Amino acid sequence: MSIIDLLPKVVSEGRKEANKILESLSDSTRLILQTNELVIPSRESNYHDLFTQLQKSGQLNVKTESLADDSWKNRLVYGDNLLLMQALLAGDPDTGMPSMRGKIDLIYIDPPFDSKADYRTKVEIPGATLEQKPTVIEQFAYSDTWAGELNGKETKGTLAYLQYLYPRLILMRELLSDKGAIYVHIDWHVGHYVKILMDEVFGKDNFRNEILVKRIKKNIQERELVKRLNEAVDSIYFYAKSQEHFIRPPQKYDPKEERWHALDAAGLRNGLDYDLFGHKPPAGRHWAWTKERADEAIKDGRLRQHPKTGRPEYKLEASENSLRDALWDDITASAFKTGYKTEKKEELLETIVQMSSNEGGIIADFFSGSGTTATVAERFGRKWIASDIGKPAIMVSRKRLIDQESKPFLYQSLGDYQREQLSQTMGSKYRIGDLAGVVMGLFGALPFPQEDNPNRNLGYMPRTKHLVYADSPNKLCGLSTLKRAQQLRDSHLGGWDKVTVLAWNFVTDIGQIIENLGDDKLEVLVIPPDLLDKLSSKATYKKLKDEGKIRFSSLQYITVKEPKVTASGNEDEIEVSLDNYMLLSPDALPLDDKNKEKLQEVIAKNPLDLIEYWSIDPDYDGEVFRSVWQDYRGNTENDEDPLRIVHTAKIRVPKKDGKRKICIKAVDVFGWESEVIKEI
């Protein structure tokens with residue numbers, strides 16, 4: 001059957017899924033957002049003054065053990081946006097987050113385009129460039145290669161993509177205020193079908209415009225032009241929630257009124273550090289102007305030094321003084337400020353933000369990529385919520401917002417992945433229980449009979465008293481999981497001598513949790529994240545099992561030297577130094593054999609080169625991590641090499657009587673997070 005024939009079924013099942021979510025919002029089992037970090041945009045050059053200023057202004061209270069207050073906090077969220085929207089609609093009184101139903105003024109989304117692209121991430125580290133695939137949670141919802149189930153049958157491609165998008169559009173409509181608007185950025189692959197779905201969700205009467213945005217030209221071989229023409233535009237479908245929607249049509253730029261933009265804090269990066277106007281640019285920022293190009297731009301009036309601030313500025317191209325129409329031929333759809341593959345140009349989001357929101361309004365982007373929407377919302381005084389299921393996207397966004405010196409924001413994740421149905425993205429090929437059985441089989445364990453193994457995730461090593469527990473790929477393995485494994489070891493069928501937990505994803509402090517448990521009869525191993533790629537058939541499974549090539553690796557963790565504290569007046573100076581980074585085996589990373597070999601060479605030389613970002617909370621309360629100081633790759637304030645982080649930090653904090661609990665968090669280039677706590 002064709003897609004047109006099956007669209008009514010997509011709508012019917014998608015509506016059922018959305019309604020089921022909406023009906024469950026008041027359940028005691030509702031999803032909540034887990035706050036991993038209160039990110040304070042502090043670096044070596046500004047952390048002390050910024051920290052003091054935020055405390056005095058009331059924006060930051062280091063003694064507050066809870067975030068349950070009335071002040072709005074912007075949110076950067078890692079996780080599936082369907083689950084995030086469910087959490088936003090439900091709210092969470094325990095953390096002070098009200099329901100966001102009907103409160104968001106503007107939603108912009110740039111979902112994957114069903115282009116069959118595989119968004120692998122290039123990771124540049126000293127001495128090597130690696131290419132990694134998305135992680136387990138990411139790869140099926142993020143890789144733009146779609147599969148699902150409709151009417152009891154497995155679906156792929158465009159139909160599965162529409163299944164994925166439809167219930168999300170319904171939840172976005174519930175989140176929008178009556179004056180709100182949504183902009184969906186799409187291209188030729190699937191735009192015509194998405195338009196039909198949006199007509200159904202938002203109503204044809206609420207369709208406002210199809211905005212056409214000029215694309216950056218691609219190189220097409222001459223012989224291909226016989227078959228097709230180069231794509232010229234992307235489409236942005238603009239819908240209102242109701243007839244009360246807010247709109248402020250922007251003007252094109254007036255040639256009689258010079259309009260200049262400062263080169264912003266993120267910089268137009270190409271790795272150069274040219275002293276543009278005879279003075280050094282702000283530390284850690286890089287300008288994409290060679291001397292020759294800058295001299296030429298200054299001569300023809302496209303670059304200047306601001307007469308008051310002295311900051312470099314570039315002149316916006318002028319056009320007729322008129323209200324902007326729906327053909328945005330003076331704005332391109334993409335730009336590469338951060339190097340992120342699907343990044344959108346800030347000028348595009350500036351136009352949308354100013355057109356459909358007021359200062360102080362709430363803006364959301366549920367496919368936030370490199371964080372352009374949050375960056376622009378921050379600069380124009382809007383509140384924002386940005387989410388992505390790709391760890392590389394979250395890391396790029398966080399660094400970009402810190403570079404911009406944004407207000408403190410929350411970095412959050414979904415605290416419960418159990419309710420995410422693997423079958424939604426993988427179809428009927430694997431069920432959770434079936435997958436657990438496969439994992440145990442590859443480990444060499446035998447499953448218990450159904451009556452002793454209702455969840456089909458328990459097994460044992462033959463001829464031993466060794467229990468094996470296979471965790472779900474939709475869960476974050478943490479303290480509750482390990483305690484459950486200990487309980488099963490001690491009680492299941494009379495008890496066992498040892499238990500091994502095989503898990504896909506972990507909470508950030510898993511290393512500390514294992515150390516605190518101090519249980520030598522508990523083993524925790526990592527399931528290779530590319531395992532699902534290899535399990536293409538029963539024959540593949542049998543071959544992998546027979547060859548025994550699947551390796552289950554130990555966890556990664558950061559080690560830190562004992563902090564040094566020196567009294568200085570009313571302050572303490574704390575010196576924190578990274579010691580080593582124990583990376584899990586390359587076999588447990590989403591890399592092919594060639595990239596694994598490259599990585600092994602880097603590990604042997606200096607494993608700390610794999611750290612993407614690390615931060616310090618000198619007064620950790622055990623509840624909320626507050627990043628008083630941080631360093632990250634690309635920040636060159638202390639190290640001119642943009643591919644490395646510094647290994648030692650000296651921070652000054654108010655003197656404290658008694659013990660001080662210092663928490664250090666680190667994220668490696670693959671997105672694995674770890675933390676360690678030192679008490680002094």
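Just so you know, residue 1 is the first one in the sequence shown, and it goes up from there. Quick caveat: nothing in here was measured; it's all calculated off a predicted structure.
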May I ask you to decide if Trp384's main-chain N or O and Asn74's side chain share a donor-acceptor pair within less than 3.5 Å?
yes
Any chance you could measure Ile40, atom CD1, to Glu405, atom CD, to the nearest 0.5 Å?
13.5 Å
With a 4.5 Å limit on heavy-atom distance, are the side chains of Ile574 and Ile662 in contact?
yes
Are the side chains of Thr500 and Phe443 in touch, meaning some heavy atoms are under 4.5 Å apart?
yes
Where is the tightest heavy-atom contact between Arg660 and Pro654, given as atom of each residue plus distance?
NH2-O, 3.2 Å
Gap separating the OH atom of Tyr460 from the CE atom of Met440, nearest 0.5 angstrom
11.0 Å
Rounded to the nearest 0.5 Å, what separation is found between the CG atom of Leu82 and the CE atom of Met172?
9.0 Å
Do Leu22 and Leu171 have side chains that get closer than 4.5 Å, going by heavy atoms?
yes
Testing Asp579, Thr559, Ile558 one by one against Val676 for a side-chain contact (heavy atoms from CB on, under 4.5 Å), which residue passes?
Ile558
Lys665 side chain to Asn36 backbone, donor-acceptor under 3.5 Å:
yes
Identify the heavy atoms of Ile611 and Ile645 that sit nearest to each other, and give their distance.
O-CG1, 3.8 Å
Give, for atom CD1 of Ile107 and atom OG1 of Thr373, the distance between the pair rounded to the nearest 0.5 Å.
11.5 Å
What's the spacing between Lys498 NZ and Lys521 NZ if we round to 0.5 Å?
11.5 Å
Val624 to Asp617 - nearest heavy-atom pair and separation:
O-OD2, 3.6 Å
For the residue pair Tyr632 and Lys399, what are the closest heavy atoms and their distance?
CD1-CD, 3.4 Å
I would like to know whether Asp80 and Arg168 meet side chain to side chain contact (heavy atoms under 4.5 Å, CB included); could you show each step before the answer?
CA-CA 11 Å; Asp80 188 325; Arg168 287 165 170 79; 2.9 Å; yes
What do you reckon, is NZ of Lys605 surrounded by more than 12 foreign heavy atoms closer than 6.0 Å?
no
Looking only at side-chain N and O atoms, does Gln630 offer a donor or acceptor that is under 3.5 Å from a partner on Ser615?
no
Closest heavy-atom contact between Val646 and Leu578?
O-CD1, 4.4 Å
Can you find a pair of side-chain heavy atoms, one from Asp497 and one from His466, that are under 4.5 Å apart?
no
I'd like to check Cys477 versus Val501 (side-chain heavy atoms, cut-off strictly below 4.5 Å). Are they in contact?
yes
Are side-chain N/O atoms of Glu573 and Ser568 paired as donor and acceptor at under 3.5 Å?
no
Stepwise side-chain hydrogen bond (donor to acceptor under 3.5 Å, both in side chains) test for Ser406 and Arg400
CA-CA 9 Å; Ser406 66; Arg400 189 174 182 181; over 6 Å; no
Atom pair CD1/CH2 of Ile362 and Trp72 - distance to nearest 0.5 Å:
4.0 Å
Give a yes or no on whether the backbone of Ile394 and the side-chain of Asp388 come within a donor-acceptor separation of less than 3.5 Å.
no
Would you say that more than 12 heavy atoms from the other residues, nucleotides or ligands in this model lie under 6.0 Å from the NZ of Lys561, or not?
no
Pair Thr35, Arg75: side-chain N/O donor-acceptor within cut-off below 3.5 Å
no
Kindly indicate, with the supporting measurements, whether the criterion side-chain hydrogen bond (donor to acceptor under 3.5 Å, both in side chains) is fulfilled by Asn455 and Tyr469.
CA-CA 11 Å; Asn455 295 321; Tyr469 179 95; over 6 Å; no
Under the side chain to side chain contact (heavy atoms under 4.5 Å, CB included) rule, what do Leu25 and Arg101 come out as? Steps first, then yes or no, please.
CA-CA 11 Å; Leu25 296 180; Arg101 196 170 199 162; 3.8 Å; yes
Salt bridge (charged side-chain N to carboxylate O under 4.0 Å, His left out) between Asp105 and Lys383: does it pass, once the steps are laid out?
CA-CA 10 Å; Asp105 301 304; Lys383 302 168 183 175; over 6 Å; no
Pairwise side-chain contact, Gln86 with Leu89, heavy-atom cut-off 4.5 Å (strictly under)
no
Ser627 (side chain) donor-acceptor with Pro41 (main chain) under 3.5 angstrom
no
Taking the six-membered ring where the residue is Trp, are the ring centres of Trp614 and Trp629 under 6.0 Å apart?
yes
Taking NZ, NE, NH1 and NH2 as the nitrogens, is one of them in Asp519 or Lys483 under 4.0 Å from a carboxylate oxygen of the other?
no
Which heavy atom of Arg633 sits nearest to which heavy atom of Leu643, and what is that distance?
CD-O, 3.1 Å
Going by side chain to side chain donor-acceptor pair (under 3.5 Å), name the residues that satisfy it together with Tyr411, two or more places apart in sequence or in a different chain.
Glu673
Do Ile513 and Phe506 touch side chain to side chain, with heavy atoms closer than 4.5 Å?
no
Please determine whether side chain to side chain contact (heavy atoms under 4.5 Å, CB included) holds for the pair Val39 and Leu76, giving the CA-CA distance in whole Å, both sets of side-chain angles, and the decisive distance to 0.1 Å.
CA-CA 10 Å; Val39 181; Leu76 178 65; over 6 Å; no
side-chain contact (heavy atoms from CB on, under 4.5 Å) partners of Ser387, counting only residues at least two apart:
Val77, Asn81, Leu84, Phe366
Should we say atom CD of Glu359 is surrounded by more than 12 heavy atoms from elsewhere, each under 6.0 Å from it?
no
With side chains defined as the heavy atoms from C-beta onward, is the minimum distance between Lys103 and Pro98 less than 4.5 Å?
yes
Run the numbers on Leu488 and Val499 for side chain to side chain contact (heavy atoms under 4.5 Å, CB included), then give the verdict.
CA-CA 8 Å; Leu488 288 166; Val499 62; 5.9 Å; no
